[in-house]
Amino acid sequence: MTALTRITDTATLMAWRAEVLRSVFGTAPDDEVLAANRRFFQKHIGDGTHIAYVATCDGRDAGCAAICLYDEMPSPDNPRGRCGYIMNVYVRPEFRHKGIATELLARLIADGEAQGCGKIYLETTDMGRGVYTAIGFREMKNMLTYGN
């Protein structure tokens, strides 16, 4: 049985973020990155624009995920201009393939929709792509990135 709990304390958010960064980048984040994440959490948890959950399975913390809420200029494909960016989706290896990521994503999508998001998107690795496409995410065309 999986339970989802909203995370609002900075210490828990920081522990999960450090674990995710180690998993994705293969090294522990440095002090500068950790300090920047702490400032981010303090600001955005406080103003309600960052919603994060931890999943507990069989009494053990199994994974986490978050959505960042922001506004962009309204357009025909997002008339209200409200957006949700899902990030920090991570399930510990021993809990993978049990539907935990799907449960976390469903909760975040529901939260984003409740906040009026007309666009919800994310970045993915090849490993995560199947989870996201199975619940309805599609490739975005015409997207480029600049910088790191």
Side-chain angles (χ1 to χ4, degrees), residues 1-70 72 77-78 82-148:
M1 173 101 182
T2 303
L4 304 182
T5 304
R6 190 159 172 182
I7 310 170
T8 57
D9 68 282
T10 303
T12 302
L13 288 163
M14 289 298 297
W16 276 107
R17 183 67 174 151
E19 185 173 342
V20 170
L21 290 172
R22 276 191 308 275
S23 175
V24 171
F25 293 98
T27 186
D30 64 26
D31 291 341
E32 182 180 349
V33 169
L34 290 173
N37 275 274
R38 184 171 283 105
R39 287 189 302 274
F40 176 90
F41 289 137
Q42 290 168 340
K43 176 182 179 187
H44 294 285
I45 291 294
D47 70 12
T49 58
H50 184 83
I51 300 169
Y53 291 93
V54 63
T56 305
C57 183
D58 299 326
R60 297 172 47 213
D61 287 349
C64 64
I67 188 169
C68 299
L69 305 168
Y70 69 95
E72 67 180 11
D77 68 340
N78 188 9
R82 191 70 167 160
C83 296
Y85 178 66
I86 293 178
M87 60 181 307
N88 224 44
V89 179
Y90 176 73
V91 176
R92 290 178 171 152
E94 64 269 28
F95 294 101
R96 292 180 184 161
H97 308 289
K98 296 182 180 197
I100 294 169
T102 301
E103 289 184 52
L104 286 162
L105 290 161
R107 176 65 62 87
L108 294 174
I109 291 167
D111 285 351
E113 289 173 340
Q115 293 291 321
C117 291
K119 183 189 297 181
I120 298 174
Y121 67 102
L122 52 78
E123 295 176 56
T124 186
T125 62
D126 288 337
M127 182 172 50
R129 187 173 310 278
V131 173
Y132 304 128
T133 58
I135 62 170
F137 281 89
R138 306 176 305 280
E139 296 288 334
M140 289 176 60
K141 65 179 186 172
N142 301 324
M143 294 293 292
L144 302 172
T145 186
Y146 178 82
N148 296 337

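Keep in mind it's a predicted model, so treat the numbers as computed, not measured.
Atom CE of M140 has more than 12 neighbouring heavy atoms from other residues, nucleotides or ligands inside a 6.0 Å radius. The environment of E123 atom CD is sparse: at most 12 non-hydrogen atoms of other residues, nucleotides or ligands sit within 6.0 angstrom. With a 6.0 Å radius and a threshold of 12 heavy atoms from other residues, nucleotides or ligands, E32 has its CD atom at or below the threshold. The local environment of CG in D31 is sparse, with at most 12 non-hydrogen atoms from other residues, nucleotides or ligands closer than 6.0 Å.
With values rounded to the nearest 0.5 angstrom, D111 atom CG is found 4.5 Å from I51 atom CD1. Here the CG atom belonging to D126 is positioned 7.5 Å from the OG1 atom belonging to T124, to the nearest 0.5 angstrom. Distance CZ/R60 to CZ/R92: 8.5 Å, rounded to 0.5 Å. Once rounded to the nearest 0.5 Å, the distance linking CG of D77 with NZ of K119 reads 5.0 Å. Note that SG of C68 and CG of L108 are 10.0 Å apart. Values are rounded to the nearest 0.5 Å. L34 CG to R39 CZ: the interatomic distance, rounded to the nearest 0.5 Å, is 10.5 Å.
Considering every non-hydrogen atom in both G112 and I67, the closest pair reads CA-CD1, 4.0 Å. The two residues A52 and L13 come nearest to each other via the heavy atoms CB-CD2, 3.6 Å. Between Y90 and S23, the closest heavy-atom pair is CE1-OG, 3.4 Å. Taking each heavy atom of N78 and G118 in turn, the nearest pair found is OD1-CA, 3.2 Å. Smallest separation of non-hydrogen atoms from F95 and D61: CE1-O, 3.7 Å. The two residues G48 and L69 come nearest to each other via the heavy atoms O-CD1, 3.7 Å.
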- Residue pair V33, D30: steps toward the side chain to side chain contact (heavy atoms under 4.5 Å, CB included) verdict: CA-CA 5 Å; V33 169; D30 64 26; 3.3 Å; yes
- Message: Could you walk me through whether R129 and F137 satisfy the side chain to side chain contact (heavy atoms under 4.5 Å, CB included) test, starting with their C-alpha distance in whole Å, then the side-chain angles of each, then the deciding distance to 0.1 Å, before giving a yes or no?
- Response: CA-CA 9 Å; R129 187 173 310 278; F137 281 89; over 6 Å; no
- Item | Test log, rule side chain to side chain contact (heavy atoms under 4.5 Å, CB included), inputs I45 and T10 | CA-CA 8 Å; I45 291 294; T10 303; over 6 Å; no
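Looking at heavy atoms from C-beta onward, V89 lies in side-chain contact with L105 at the 4.5 angstrom threshold. Side-chain contact between I109 and I86 is present, with heavy atoms from C-beta onward closer than 4.5 Å. Taking 4.5 Å as the limit, every side-chain heavy atom of R17 sits out of range of all side-chain heavy atoms of R38.
Shown here are the ring-ring contact (aromatic ring centres under 6.0 Å, His included) partners of F40, two or more places apart in sequence or in another chain: H44, H50.
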